[in-house]
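Written out below as structure tokens is the structure these notes cover.
Residue numbering restarts at 1 for every chain, and letters A, B, ... go by the order of the sequence lines. None of the values given here were measured: they were computed from a predicted structure.
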Amino acid sequence: MPQRSKTLFGLVDCNNFFVSCERVFTPSLEKKPVVVLSSNDGCIVARSNEAKALGIPMGAPMFEWRDVCRRGGVVALSGNHALYADMSDRVMRTVAEFVDDYEVYSIDEAFLRFGPREDAEGTCRALRAAVHRRVGIPVSIGLDATRTLAKAAAKFAKRHPELHGVFSLQGHPRKDELLESFEVGDLWGIGRQYSKKLIGAGIRTARMLRDLPDTWILRHLGSSGLRVAMELRGMPCGEYAAAREHRKSIICSRSCGRPIVSLPELKEAVATHIASAAETLREDGLRARFLTVFVGFRKQGYGMPYPSGRSVQLETPTNDTPELIRAAHTLVDAMHHDGLAYKKVGVRLTDFSGEEAHQLDVFGRGEPDPKRRAAWAALDKINAEWGTGTVKFAAEGVARGWKPKAERRSPRYTTRWDELKVVR
DNA sequence: TCTGGGGTCCTAGGACCC
DNA sequence: TCTGGGGTCCTAGGACCC
């Protein structure tokens, strides 16, 4: 197979992204241990370096670390995702200015691709400086022949301040040595299970995995593991992270601030999730044909709540909110049991088609009503401009005592007029 | 007592068909 | 007592990512 060895991949990774966003607007958080919490103030999903130094792990439940946080003077903030999305846009716009061929990979990461004659490293240094100057977010950038190696390079850049945030592994004279120092579990694509298997077999480092025979990898880790090894050898497995043409599902789910017991409240929560899922659907110009409602109960020992769900295939694909709410409520009626306490509620939409190529059912129905389309467009516009939930459907409820807790949220400086930063 | 949310891909097994 | 083989499609579960 011809190698595209001339192409160089870059990975831009925002350091401690959510914490860095908060610090832009609250400079007093600088140099202090800070954590950002997930929905319901449940888990720790971002940590400043000072918080990491206290030993607080990623994804840890807050209640287990409350004492450590109190003793260490840690500032804990509820997630302010409207702010983070807006800051992410600013970072990505800067990336787009410096690099033609890039791919947004997550809210805080983008892959870059450079041709053979481009000054990749110089561009990355300029990009890093520009993001810092304009957006105020520190980033680390790694470079090498594959995405997996670029990700590893970015970790080196982050770990060693003397590299000033940019590091290229490509052609590095001590590459083997560096990969030997890189723990296998820190590789992109090697999670907890694979890591356990590898370490059990004595494979502790990226270099050891790279040099393993394909047959062994295939037998123990399957094709996903082999892809990681090939990328470590410098062979890009493009489809691994290639830009997806279209999304394949939309999920909206939340843990409840307090458990839901009544049928009307369960319906409210489901309607709320449907409304936001349908908004995403319309934003992407899609209709969905398959709808799932799922619920979770109180924790069953360790691990995730025991989930249970029901699905329905709609007669025709739709993105009409009331229509979807009706279908979802039929499912809720069938699944609700008196006396059960619902801890988590969610909906999932799948089986998408484009807005133009809609299908009619056997009776020729399914032609979208232009008046309704216009109404949803207006609603989406208002909610986009003034914040999600500015205009709601009656079915979403008013009291909403089940809403997740977010007791330490910072203001939405960039997306709400009434929460603009006041400068004195 | 308190443990997030939103995604993707792969695989194994069952149903069904010829 | 004998009781195929191969293909496809669907679903559930597991693994991974941020």
Side-chain angles (χ1 to χ4, degrees), chain A residues 11-18 35-47 56-67 69 76 78-79 81 84-85 88 104-111 147-148 151 154 185-198 218-228 237 239-259 273 276-277 280 284 290 292 294 296-311 313 341 343-352 404-407:
Chain A
L11 176 77
V12 183
D13 191 353
C14 300
N15 300 348
N16 313 333
F17 183 55
F18 295 171
V35 297
V36 173
L37 306 175
S38 66
S39 164
N40 226 5
D41 293 345
C43 289
I44 292 162
V45 293
R47 306 153 297 152
I56 300 171
M58 178 66 176
M62 184 55 190
F63 76 91
E64 277 178 10
W65 290 85
R66 193 152 281 142
D67 285 345
C69 286
S78 304
H81 293 276
Y84 310 149
S88 175
V104 175
Y105 175 67
S106 72
I107 192 162
D108 68 338
E109 285 171 289
F111 283 109
R147 292 181 176 88
T148 302
K151 286 268 267 188
D186 289 340
L187 283 168
W188 189 41
I190 305 297
R192 271 237 283 290
Q193 300 305 315
Y194 287 2
S195 188
K196 207 156 78 183
K197 274 193 204 174
L198 285 165
L218 217 39
R219 186 162 59 240
H220 292 93
L221 306 182
S223 61
S224 324
L226 186 56
R227 225 160 16 216
V228 176
C237 301
E239 67 282 9
Y240 192 39
R244 262 85 45 187
E245 288 234 347
H246 295 293
R247 62 159 80 240
K248 302 192 167 150
S249 68
I250 295 170
I251 297 172
C252 280
S253 71
R254 288 288 180 280
S255 297
C256 309
R258 63 161 166 75
H273 297 331
S276 81
T280 307
D284 289 6
F290 202 79
T292 304
F294 57 91
F297 303 105
R298 216 159 44 81
K299 294 286 174 217
Q300 311 256 315
Y302 36 80
M304 294 302 287
Y306 186 72
S308 115
R310 273 179 201 246
S311 306
Q313 182 168 41
K343 198 55 195 94
K344 179 174 178 166
V345 182
V347 304
R348 164 193 263 121
L349 300 173
T350 51
D351 202 353
F352 297 144
K405 287 178 281 195
E407 287 162 358

**Item:** Value rounded to 0.5 Å, distance of NE2 in A:His81 from OG in A:Ser39
**Value:** 7.5 Å

**Prompt:** According to a strict under-4.0 Å criterion, is A:Ser106 in side-chain N/O contact with OP1 or OP2 of B:dG7?
**Reply:** no

**Prompt:** Contact class for A:Lys151 vs. all strands (heavy atom < 4.0 Å): base, sugar-phosphate, or nothing?
**Reply:** sugar-phosphate

**Asked** Should A:Lys343 be listed as having a side-chain N or O under 4.0 Å from OP1 or OP2 of B:dT3?
**Response** yes

**Complete:** Rounded to whole Å, the CZ-P distance (A:Arg247 to C:dC17) equals 21 Å

**Request:** Nearest whole angstrom, please: distance from the C1' of C:dC16 to the CG of A:Leu226.
**Result:** 16 Å

**Message:** What is the separation between atom CD1 on A:Ile250 and atom P on B:dG6, rounded to the nearest whole Å?
**Reply:** 11 Å

**Request:** Please report the closest heavy-atom contact between A:Phe290 and A:Asp351, naming both atoms and the distance.
**Result:** CB-CB, 3.8 Å

**Request:** Assign A:Gly222 to base, sugar-phosphate, or nothing according to its heavy-atom contacts below 4.0 angstrom with the strands shown.
**Result:** nothing

**Non-neighbouring partners of A:Ser78 that pass side-chain contact (heavy atoms from CB on, under 4.5 Å), sequence neighbours left out** = A:Asp41, A:Ala406, A:Arg408, A:Arg409

**Message:** Using a 4.0 Å heavy-atom cut-off, does A:Asp108 contact any base of the nucleic acid, only the sugar-phosphate backbone, or nothing at all?
**Reply:** sugar-phosphate

**Fill in**
Against the side chain of A:Arg227, the closest entry in B:dG6, B:dC10, C:dC18 is B:dC10

**Request:** Kindly express the pairing pattern of DNA chain C in dot-bracket notation, using | wherever a base pairs with another strand and counting only Watson-Crick or G-U pairs under 3.5 Å.
**Result:** ....||||||||||||||

**Request:** Please tell me which of the listed nucleotides, C:dC17, B:dT8, B:dC10, lies nearest to the side chain of A:Ser249?
**Result:** B:dT8

**Prompt:** So do the side chains of A:Lys197 and A:Gln193 get within less than 4.5 Å of each other, counting heavy atoms only?
**Reply:** no

**Message:** Checking contacts here: which listed nucleotide (B:dG6, C:dC18, B:dC2) is nearest the side-chain heavy atoms of A:Trp188?
**Reply:** C:dC18

**Asked** Should A:Val36 and A:Ile44 be marked as a side chain to side chain contact (heavy atoms under 4.5 Å, CB included) after you check the CA-CA gap, both sets of side-chain angles, and the distance that decides it?
**Response** CA-CA 6 Å; A:Val36 173; A:Ile44 292 162; over 6 Å; no

**Item:** Side chain A:Lys343, main chain A:Cys256, donor-acceptor under 3.5 Å
**Value:** yes

**Request:** Give a yes or no on whether the backbone of A:Gly346 and the side-chain of A:Ser253 come within a donor-acceptor separation of less than 3.5 Å.
**Result:** no

**Asked** Are any of A:Ser255's side-chain N or O atoms less than 4.0 Å away from OP1 or OP2 of B:dG5?
**Response** yes

**Request:** Would you please confirm or rule out a distance under 4.0 Å between OP1 or OP2 of B:dC10 and any side-chain N or O of A:Ser224?
**Result:** no

**Request:** Without swapping roles, check the side chain of A:Arg47 against the backbone of A:Ile56 for a donor-acceptor pair under 3.5 Å.
**Result:** yes

**Request:** Would you mind telling me which of B:dT8, C:dC18, B:dT3 lies closest to the side-chain atoms of A:Lys248?
**Result:** B:dT8

**Asked** In whole angstrom, what separates A:His273's NE2 from B:dG5's P?
**Response** 8 Å

**Request:** Answer yes or no: does a side-chain N or O of A:Arg348 lie under 4.0 Å from OP1 or OP2 of B:dG6?
**Result:** no

**Prompt:** What distance, rounded to whole Å, do you find between the two C1' atoms, one in C:dC18 and one in B:dC2?
**Reply:** 24 Å

**Prompt:** Taking atom C1' of B:dG6 as reference, at what distance in whole Å does atom CG of A:Leu349 sit?
**Reply:** 13 Å

**Prompt:** Base, sugar-phosphate alone, or nothing: which one does A:Phe17 contact when heavy atoms must sit under 4.0 Å apart?
**Reply:** nothing

**Asked** Do the side chain of A:Ser88 and the main chain of A:Ile107 share a donor and acceptor less than 3.5 angstrom apart?
**Response** yes

**Prompt:** In terms of the nearest nucleotide of DNA chain B, which residue is placed more toward the 5' end: A:Met62 or A:Cys252?
**Reply:** A:Met62

**Prompt:** Can you tell me if the side-chain N/O atoms of A:Lys344 get under 4.0 Å from OP1 or OP2 in B:dG5?
**Reply:** yes

**Message:** Between C1' on B:dG5 and CD1 on A:Ile44, what's the gap in Å once rounded to a whole number?
**Reply:** 16 Å

**Atom-pair distance (CD on A:Gln193; P on C:dG13), nearest Å** = 16 Å

**Asked** Could you give the CD-to-P distance, from A:Gln313 to C:dC10, as a whole number of Å?
**Response** 10 Å

